[in-house]
Amino acid sequence: MKKQYKYLFWDIDDTLIDFKSSEKVALKMCFQQFGVVLTDEDVAVYSQINHNYWELLVQGGIEKSTMLTRRFEDFVQQLSLDGIDCHAMNALYQVKLGDYAVMTDDGYDVCAQLSRSKKQYAVTNGTAVAQNKKLQITGLGALFDGIFISDVVGYEKPDVRFFQHAFSKIPDFNPEEALMIGDSLSSDMTGANNAGIHCCWFNPKGKVKGDASIQIDYEIKTLKELFEIVG
Ligand SMILES: [Mg+2]
């Protein structure tokens, strides 16, 4: 199936930017400033805590400002670390996370090539501090016709109001010509379903789609496969 899509909505973390790599470097740098040297295993523990909190957030189970600090509180508790100001840690982490953005394979090239013929928009659930910085230092920001960050919009993907906000900012927008590209079933694919646009699941590791209620229009392992899809 090949369709002429005019508007591409891009998830950022783990779609265009290798979030795990950024997370690892940023987390180690931050804790080092607090006098703690983290191992890769420690980072994996944090990563799981953080992932769980983001899932809870997109399900509407927690406030963002609460979870951003609480993930660090849980983490330092698990590692039995004392005397760490988790609020300050989170603030520092947002800045560092933006400093160490690593692109996914072909991420920049595919996005750059498509920017010549498509309208492209970043749609991301990250924080404004980290996401704006990441988009700037990778050069990705210049490839987008609009950037929508949940922090600024006031809603997280998959909330339909996040997408309605984005659509309202695009002149002559037609949802039938729009495609959402992202790695997350719970925020990107479900969000596209809620918003009534087609979606492409970037699934490089061949994960199994557990939830049958989520409608996937395309599934790709590499971003280059998009050229075959978007027309
Ligand atoms: Mg993602």
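Only a predicted model underlies this, so the values are computations on that prediction, with no experimental measurement involved. Note that ligands are numbered from 1 as they come in the structure, with each ligand's atoms numbered from 1 the same way. Residue indices begin at 1 and follow the sequence shown. Side-chain atoms are counted along with the backbone in the values below, which use heavy atoms only and exclude waters and symmetry mates.
Glu156 pairs by the salt bridge (Lys or Arg N to Asp or Glu O under 4.0 Å) definition with Lys64, not counting sequence neighbours. Evaluation of the salt bridge (Lys or Arg N to Asp or Glu O under 4.0 Å) rule for Asp99 yields Lys133 as partners, not counting sequence neighbours. Shown here are the salt bridge (Lys or Arg N to Asp or Glu O under 4.0 Å) partners of Asp82, two or more places apart in sequence or in another chain: there are none.
If you check the side chains of Asp42 and Thr39, you find a donor sitting under 3.5 Å from an acceptor.
Legend: protein N/O/S atoms lying under 2.8 Å from the Mg ion (ligand 1), waters omitted, number 3.
Among all heavy-atom pairs drawn from Glu23 and Ser47, the shortest one is OE1-OG, 2.9 Å.
Here the CD atom belonging to Gln78 is positioned 10.0 Å from the CD atom belonging to Gln48, to the nearest 0.5 angstrom.
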